[in-house]
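A quick write-up on the structure given underneath.
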Amino acid sequence: MSDYYKTLGVSQGASKEEIKKAYKKLAIKYHPDRNSGDEKAEKKFKEVSEAYAVLSDPKKKQQFDTYGASGFQGQYSQEDIFQNFDFSSIFDEMGFAGSRGGRANAFGGFGGGRGAAQKGQDQSFTIDLGFMEAFEGGARTISLSSGKKIELKIPPGTSAKSKLRIKGKGQQSPMGGVAGDLIVQFKMIPHPLYEIDGKNIVMQKEIPFSTFYLGGSCEIELVGEDAKTVKVAPLTRPGSKMRLRGKGMKDKAGDRGDMILQLVFTWPEDTLDDPQTKALQVLAESGL
């Protein structure tokens, strides 16, 4: 938890002017224009700016003095701290770049309007997604760490490789910058039959030993429609793949990828009965 007085290097009894003076000194020292590419300086700049936003606001300062760091930060998110807080006047005094929309350009350059306020950090969020929800699309309500809830539309054809970017729903930028984005990623819940590979659906299909050699047919469980019977050619090799056009995942336009079947042996779960054993013996004697 941050002790804002320690962050600015002032005592709890410091006057408003002392707090302002301490902030100006540190803001100039750690400003990104003077520390290009220095992530530690950028982090420090954000910390001192947050401290000043609290201690220069009488109501927030009183809350902080009353409840301490843990109590205060349990009530106020970073977004709450900077919301509607105007740094324009103090930045004008320091010669920072101008403000945007009445809010100070915290990450701008000194004079001449160089640079723009740095965007807030993106925030990642992972959703466990079932196969049919990925196939058909849907909607979710997600709760962010800030306590805010967002209605999220999941488009058809979503997979573990998909990412949704929601503008302005990430971390707030200190002192008036544009908020970061929310990056939604997906973790697929395993399905007993299907796997998603881009726009395709991959499925292992077990068929009997005899069908590989003699040929025949098998029934395929399709997604979102009736099952389909497909033919298997004689002397098909185990592990062969078949492609069913237009039976895969949907996309936003409603077009579909393919279903990829991988043909594998149906391995007997129990011992063979006498007729099956004799049939195999005949095959063995014939050289197969």
Side-chain angles (χ1 to χ4, degrees), residues 73-74 76-80 83 118-173 177-207 218-230 232 238-267 269:
Q73 289 160 15
Y76 287 85
S77 67
Q78 191 179 70
E79 180 180 359
D80 296 329
Q83 189 172 21
Q118 180 168 322
K119 179 182 175 183
Q121 292 184 345
D122 292 341
Q123 181 178 355
S124 295
F125 194 95
T126 301
I127 292 178
D128 289 332
L129 194 65
F131 177 83
M132 289 307 299
E133 190 175 14
F135 177 77
E136 296 177 342
R140 289 279 192 96
T141 301
I142 60 177
S143 298
L144 304 180
S145 57
S146 64
K148 288 189 174 182
K149 293 185 176 181
I150 292 180
E151 295 295 326
L152 179 69
K153 290 185 178 180
I154 301 173
T158 297
S159 72
K161 296 180 181 179
S162 303
K163 289 184 180 181
L164 299 181
R165 179 180 291 271
I166 305 174
K167 298 288 186 181
K169 298 300 182 180
Q171 297 291 338
Q172 291 293 312
S173 171
V178 178
D181 301 334
L182 178 66
I183 311 298
V184 181
Q185 300 171 303
F186 299 93
K187 180 181 178 182
M188 298 302 302
I189 300 172
H191 191 275
L193 293 179
Y194 310 119
E195 292 183 8
I196 300 173
D197 182 12
K199 286 186 64 176
N200 297 328
I201 296 173
V202 179
M203 175 184 176
Q204 283 196 342
K205 180 63 181 178
E206 294 184 346
I207 61 175
C218 60
E219 190 173 78
I220 305 302
E221 300 85 352
L222 299 178
V223 183
E225 54 184 292
D226 294 336
K228 178 182 178 67
T229 300
V230 299
V232 180
S240 296
K241 293 181 179 180
M242 300 177 65
R243 183 181 293 268
L244 303 182
R245 302 285 181 183
K247 303 301 181 183
M249 297 294 289
K250 299 177 182 178
D251 60 19
K252 294 180 181 179
D255 297 326
R256 294 182 64 175
D258 303 331
M259 176 176 278
I260 310 298
L261 303 176
Q262 185 173 25
L263 303 179
V264 297
F265 278 128
T266 301
W267 195 258
E269 294 183 3

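Bear in mind that the values here come from a model prediction, so they are computed numbers and not experimental data. In what follows, residues are counted from 1 in the order of the sequence shown.
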Atom CG of Asp181 and atom NZ of Lys169: how far apart are they, to the nearest 0.5 Å?
-> 11.0 Å

Any chance you could measure Lys149, atom NZ, to Ile142, atom CD1, to the nearest 0.5 Å?
-> 11.5 Å

Which distance, rounded to the nearest 0.5 Å, do you find between the NZ of Lys250 and the CZ of Phe135?
-> 4.5 Å

Nearest heavy-atom pair of Glu219 and Ala227: which atoms, and what distance?
-> CG-CB, 3.8 Å

Check: residues 150-160 side-chain donor-acceptor pairs under 3.5 Å, at least two apart:
unit_1	atom_1	unit_2	atom_2	d
Glu151	OE1	Thr141	OG1	3.0
Glu151	OE2	Thr141	OG1	2.7
Thr158	OG1	Pro155	O	2.6
Ser159	OG	Lys161	N	3.2

Report the residues that fulfil salt bridge (charged side-chain N to carboxylate O under 4.0 Å, His left out) with Asp255, sequence neighbours left out, ordered by chain and then residue number.
-> none

Determine whether more than 12 heavy atoms belonging to other residues, nucleotides or ligands lie under 6.0 Å from atom CD of Gln121.
-> no

Inter-residue atom distance Leu261.CG - Met242.CE, 0.5 Å rounding | 6.0 Å

Which atom pair, heavy atoms only, marks the closest approach of Ala139 to Glu133?
-> O-OE2, 4.3 Å

Can you check whether Ile201 reaches Met249 side chain to side chain, under 4.5 Å on heavy atoms?
-> yes

OG (Ser240) and CD1 (Ile207) are apart, to the nearest 0.5 Å, by 8.5 Å

In this structure, are over 12 heavy atoms from other groups packed under 6.0 Å from Lys205 atom NZ?
-> yes

Residues passing the side-chain contact (heavy atoms from CB on, under 4.5 Å) test with Glu136, sequence neighbours excluded, are Met132

How long is the span from the CG atom in Leu263 to the NZ atom in Lys241, to the nearest 0.5 Å?
-> 11.0 Å

Check side-chain contact (heavy atoms from CB on, under 4.5 Å) between Asp128 and all other residues, then give those that pass, not counting sequence neighbours.
-> Lys187, Ile189

Check: Cys218 and Ile220 side chains under 4.5 Å, non-hydrogen atoms = yes

Tabulate below the donor-acceptor pairs under 3.5 Å that side-chain atoms of residues 192-200 make, not counting sequence neighbours, or state none.
unit_1	atom_1	unit_2	atom_2	d
Tyr194	OH	Glu221	O	2.6
Lys199	NZ	Asp251	OD2	3.2
Asn200	OD1	Asp258	N	2.9

Considering non-hydrogen atoms only, spot the tightest contact between Val223 and Arg256 and give its length.
-> O-NH2, 3.4 Å

Test side chain to side chain contact (heavy atoms under 4.5 Å, CB included) on Arg140 and Leu129 and set out the steps.
-> CA-CA 10 Å; Arg140 289 279 192 96; Leu129 194 65; 4.3 Å; yes

Could you tell me which residues satisfy salt bridge (charged side-chain N to carboxylate O under 4.0 Å, His left out) with Lys148, sequence neighbours excluded, listed by chain and number?
-> Glu79

